[in-house]
Amino acid sequence: QLVEQDKGRENRQVTFLDAHGSVSAFTGEKCVEAAEDLTGKNFSVQANMMLNDKVVPAMAEAFMRYSDHPLAERVVEVLKAAQEAGGDIRGKQSAALIVVGPEKTDKSWEDKKIDLRVDDHKQPVKELERLLKVARAYEHMNKGDLAVEAGDMEKALKEYGTAEKMFPDNLEMKFWKAVALANSG
């Protein structure tokens with residue numbers, strides 16, 4: 001209905017995916033080649049202005065191949081596959097990743113589970129992947145902090161250790177682990 005009412009639809013690309021896995025996608029005939037959308041169970045991939053017609057199929061294949069990954073990591077794999085297949089005809093400059101939870105919360109800061117942007121970089125997808133790893137490491141740090149607050153030092157040390165393994169050269173992670181150890185006696 002939205003597409004039918006849009007007089008500029010042939011220049012647009014849109015996809016809707018609801019919480020139940022229903023997918024609807026549209027790519028207008030006047031979108032810049034190579035433009036395409038492919039849908040599957042619980043997903044849609046789409047792109048326009050791609051270097052070739054291999055990009056979107058590579059994205060779909062990667063989304064299915066990495067089905068065991070968390071959603072954010074899975075999307076990064078899709079972006080990497082798109083880049084490896086040819087990527088954007090204009091080259092590389094930016095990448096972004098936003099993952100929201102399944103339900104809206106009263107705390108707006110909790111709605112977005114992942115919110116990362118790379119606005120200007122020679123290797124934006126690689127940098128996005130690095131930033132996601134940093135975010136995941138800090139999730140472990142936060143879990144460690146919560147375990148300290150709950151008096152569970154065994155769990156705290158496990159979480160801090162996981163974060164440190166992800167970034168062994170990060171001095172801040174070592175510092176806060178030491179502070180937690182000192183404060184707990």
Side-chain angles (χ1 to χ4, degrees), residues 1-105 108 110-140 162 166-167:
Q1 192 176 34
L2 176 71
V3 170
E4 287 177 16
Q5 293 175 6
D6 182 3
K7 291 183 173 123
R9 66 182 164 266
E10 294 308 326
N11 296 301
R12 301 197 210 293
Q13 193 170 45
V14 64
T15 296
F16 288 93
L17 174 66
D18 71 17
H20 305 289
S22 300
V23 183
S24 180
F26 175 81
T27 298
E29 290 183 19
K30 293 182 180 176
C31 286
V32 179
E33 289 297 324
E36 184 177 6
D37 60 71
L38 292 174
T39 60
K41 184 176 180 183
N42 294 316
F43 82 92
S44 174
V45 292
Q46 59 278 332
N48 63 68
M49 298 184 79
M50 295 295 104
L51 185 62
N52 60 56
D53 62 1
K54 294 176 177 59
V55 175
V56 174
M59 294 166 68
E61 193 277 325
F63 192 82
M64 292 181 286
R65 181 173 359 124
Y66 293 99
S67 62
D68 61 331
H69 285 43
L71 182 59
E73 284 78 1
R74 195 174 183 185
V75 171
V76 168
E77 292 299 330
V78 169
L79 294 173
K80 287 168 48 179
Q83 190 64 60
E84 289 169 15
D88 191 307
I89 198 167
R90 299 165 294 181
K92 299 178 264 187
Q93 182 178 358
S94 64
L97 177 62
I98 299 173
V99 176
V100 298
E103 297 184 23
K104 191 164 182 65
T105 69
S108 61
E110 292 178 352
D111 284 341
K112 293 179 182 174
K113 305 302 180 192
I114 300 288
D115 187 1
L116 302 172
R117 297 178 55 93
V118 178
D119 289 324
D120 190 21
H121 198 278
K122 288 182 180 185
Q123 296 292 331
V125 174
K126 188 173 184 176
E127 178 64 3
L128 187 69
E129 182 177 36
R130 186 190 73 79
L131 292 175
L132 179 57
K133 187 176 176 186
V134 170
R136 294 300 195 200
Y138 276 102
E139 286 176 3
H140 286 287
T162 300
M166 294 174 83
F167 283 95

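Computed from a predicted model, the values in this text were never measured in an experiment.
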Inset, instruction - Check for a donor-acceptor pair, side chain of R9 on one end and backbone N or O of E4 on the other, with a separation under 3.5 Å. - result: yes
Inset, instruction - Might you point out which heavy atoms bring F43 and M64 nearest each other, and give the distance in Å? - result: CE2-CG, 4.0 Å
Inset, instruction - Return the set of residues passing side-chain contact (heavy atoms from CB on, under 4.5 Å) with I98 (not counting sequence neighbours), or none when no residue passes. - result: V100, K112, D115
Could you go through residues 77-86 and list every donor-acceptor pair under 3.5 Å that involves a side-chain atom there, pairing it with any protein atom two or more places apart or in another chain?
from : atom 1 : to   : atom 2 : distance (Å)
E77  : OE2    : K80  : NZ     : 3.2
K80  : NZ     : E129 : OE2    : 3.0

Legend entry - Of all pairs that satisfy salt bridge (Lys or Arg N to Asp or Glu O under 4.0 Å), the ones with a partner from residues 118-127, not counting sequence neighbours: R117-D119, E127-R130
Legend entry - For K104, all residues meeting salt bridge (charged side-chain N to carboxylate O under 4.0 Å, His left out), sequence neighbours excluded: D111
Legend entry - Considering all heavy atoms, the nearest M59-Q46 contact: CE-O, 3.9 Å
Inset, instruction - Mind checking ring-ring contact (aromatic ring centres under 6.0 Å, His included) for H69 and listing every partner two or more places apart, or none if nothing turns up? - result: Y66
Legend entry - Pairs flagged by salt bridge (Lys or Arg N to Asp or Glu O under 4.0 Å) wherever residues 57-72 is involved - sequence neighbours left out: E61-R65
Legend entry - With L71 via side-chain contact (heavy atoms from CB on, under 4.5 Å) - residues at least two apart: F63, V75, V99
Legend entry - pair P124-Q93: side-chain heavy atoms closer than 4.5 Å: no
Legend entry - Partners meeting side-chain contact (heavy atoms from CB on, under 4.5 Å) with R12 (sequence neighbours left out): D6
Distance-only donor-acceptor hits, side chain of residues 31-39, under 3.5 Å, sequence neighbours excluded:
from : atom 1 : to  : atom 2 : distance (Å)
D37  : OD2    : T27 : N      : 3.2
D37  : OD2    : T27 : OG1    : 2.6

Inset, instruction - Quick one: do L2 and F16 satisfy side-chain contact (heavy atoms from CB on, under 4.5 Å)? Show the steps, please. - result: CA-CA 11 Å; L2 176 71; F16 288 93; 3.6 Å; yes
Legend entry - Inter- and intrachain pairs under salt bridge (Lys or Arg N to Asp or Glu O under 4.0 Å), touching residues 87-101, at least two apart: D88-R90
Inset, instruction - Grab the two heavy atoms, one from A25 and one from T15, that are nearest each other, plus how far apart they are. - result: CB-OG1, 3.5 Å
Inset, instruction - Tell me, please, which residues at least two apart from Y138 pass side-chain contact (heavy atoms from CB on, under 4.5 Å). - result: V134, M141, N170, E172, M173
Inset, instruction - Provide the closest heavy-atom pair for L128 versus V118 in the form atom of the first, atom of the second, distance. - result: N-CG2, 3.8 Å
Inset, instruction - Could you point out which residue of L116, L97, I114 forms a side chain to side chain contact (heavy atoms under 4.5 Å, CB included) with L131? - result: L116
Legend entry - Pairs meeting criterion side chain to side chain donor-acceptor pair (under 3.5 Å) with involvement of residues 48-58, two or more places apart: Q13-N48
Legend entry - Heavy-atom check, side chain of S44 versus side chain of V23, under 4.5 Å: yes
Legend entry - Sidechain-backbone polar pair: E10 side chain, E29 backbone, donor-acceptor under 3.5 Å: yes
Inset, instruction - Evaluate the side-chain proximity of K133 to V76: yes if any heavy-atom separation is below 4.5 Å, no if none is. - result: no
Inset, instruction - Provide the closest heavy-atom pair for K30 versus N11 in the form atom of the first, atom of the second, distance. - result: CB-OD1, 3.2 Å
